Amino acid sequence: MILKNKSDYEYYAKKLCRHPEFSPLSDKYINQLIDEMTVKTYHRGQILFDQGDTRDRFYYLIDGVCKSFHWDKDGGEQLYLYIRPERAFPYIGLFEDDRYAYTVQTMSEVKLAEFPMPIYEEILRENPELMVNAVKERR
């Protein structure tokens, strides 16, 4: 979804500002994220990304539930965690990995904001307080 009207823009800007990770950002950085953001809806059971896919997007779950898991060497699914609304992901691999370390699948219909990973990592580097919040969220 491309944000076409001011009310959409303001809605998502407020939503991001309320999230603990994004709350330290100035309007400049919130605007940068919003300008690069796409909002998408996915049906239950869809894969957002697979373990080993190119790590090119950072996500903020607006509504719904996802699960993250990885495949072990024997091909078994190992649950990592459930992702609840108003959570961002993936944190694993920031600044170092070229590929996702796990798979994320929707458990319900979900609405997500997606950001290009290079933009998110650039903003993270420029905002030390944001970096601290990202580390806290990852725990």
Side-chain angles (χ1 to χ4, degrees):
M1 167 194 321
I2 298 195
L3 303 179
K4 294 182 180 176
N5 64 53
K6 189 175 180 177
S7 66
D8 286 344
Y9 184 91
E10 290 171 356
Y11 172 78
Y12 289 110
K14 286 178 185 176
K15 199 153 197 57
L16 285 179
C17 288
R18 283 195 313 260
H19 187 276
E21 181 181 340
F22 299 107
S23 63
L25 291 177
S26 67
D27 288 344
K28 170 189 167 187
Y29 291 109
I30 290 291
N31 291 337
Q32 186 178 356
L33 279 173
I34 299 275
D35 288 345
E36 297 290 338
M37 177 177 77
T38 55
V39 176
K40 295 182 179 178
T41 301
Y42 293 88
H43 299 288
R44 182 178 190 266
Q46 287 188 268
I47 300 292
L48 300 179
F49 55 83
D50 268 321
Q51 179 178 333
D53 284 352
T54 302
R55 202 176 131 277
D56 59 352
R57 309 293 291 167
F58 189 78
Y59 299 87
Y60 176 72
L61 184 58
I62 296 166
D63 193 32
V65 177
C66 296
K67 74 173 179 176
S68 61
F69 58 93
H70 68 273
W71 302 101
D72 64 23
K73 64 182 178 182
D74 298 322
E77 179 183 310
Q78 301 295 313
L79 181 66
Y80 181 58
L81 60 86
Y82 287 100
I83 304 165
R84 300 181 318 270
E86 300 189 14
R87 296 286 181 186
F89 63 95
Y91 294 105
I92 293 174
L94 285 173
F95 305 113
E96 57 188 24
D97 292 344
D98 293 332
R99 307 224 171 258
Y100 293 112
Y102 53 87
T103 298
V104 172
Q105 181 179 23
T106 60
M107 300 301 293
S108 65
E109 185 169 296
V110 301
K111 183 185 277 188
L112 289 159
E114 300 179 3
F115 310 96
M117 187 63 77
I119 299 295
Y120 176 74
E121 288 179 340
E122 175 187 327
I123 290 172
L124 200 56
R125 278 187 190 94
E126 294 175 13
N127 292 275
E129 190 175 350
L130 184 66
M131 182 80 72
V132 169
N133 287 351
V135 170
K136 286 179 182 176
E137 277 293 308
R138 189 173 170 191
R139 291 189 286 145

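Residue numbers run from 1 in the order of the sequence given. Quick caveat, the model's predicted, so the values are computed rather than measured.
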- Query: With distance as the sole test, does T103 use its side chain to make a donor-acceptor pair with the main-chain N or O of Q51 at under 3.5 Å?
  - Reply: yes
- If two hydrophobic side chains count as joined below 4.5 Å and joins carry through other members, does I92 share a cluster with L81? yes
- Item | Expected output: side-chain D53 to main-chain F49 donor-acceptor under 3.5 Å | no
- Query: Minimum heavy-atom separation for T106 to H43, with atom names?
  - Reply: OG1-O, 2.6 Å
- Could you tell me whether a side-chain N or O of N127 sits under 3.5 Å from a main-chain N or O of E129, the two making a donor and an acceptor? no
- Using a distance-only test with no angle check, is there a side-chain donor-acceptor pair under 3.5 angstrom linking E114 and Y60? no
- Task: Please work out whether the ring planes of F22 and F58 are parallel, tilted or perpendicular, with thresholds of 30° and 60°.
- Result: perpendicular
- Message: Tell me if the CZ atom of R125 is crowded by more than 12 foreign heavy atoms within 6.0 Å.
- Response: yes
- Hey, is the main chain of D98 close enough, under 3.5 Å, to the side chain of R55 for a donor-acceptor pair? no
- Query: Heavy-atom distance under 4.5 Å between the side chains of V110 and C66, does that happen here?
  - Reply: yes
- Message: Within the 3.5 Å criterion, strictly below it, is a donor on T54 or R99 matched to an acceptor on the partner's side chain?
- Response: yes
- Report yes if the side chains of D35 and Q32 come closer than 4.5 Å at any heavy-atom pair, otherwise no. no
- Task: For the pair E109 (side chain) and R44 (backbone), establish whether a donor and an acceptor sit closer than 3.5 Å, ignoring hydrogens and angles.
- Result: no
- Task: Let me know which of F89, Y42, F115 forms a ring pair (Phe, Tyr, Trp, His ring centres under 6.0 Å) with Y59.
- Result: F89
- Query: So do the side chains of R84 and V65 get within less than 4.5 Å of each other, counting heavy atoms only?
  - Reply: no
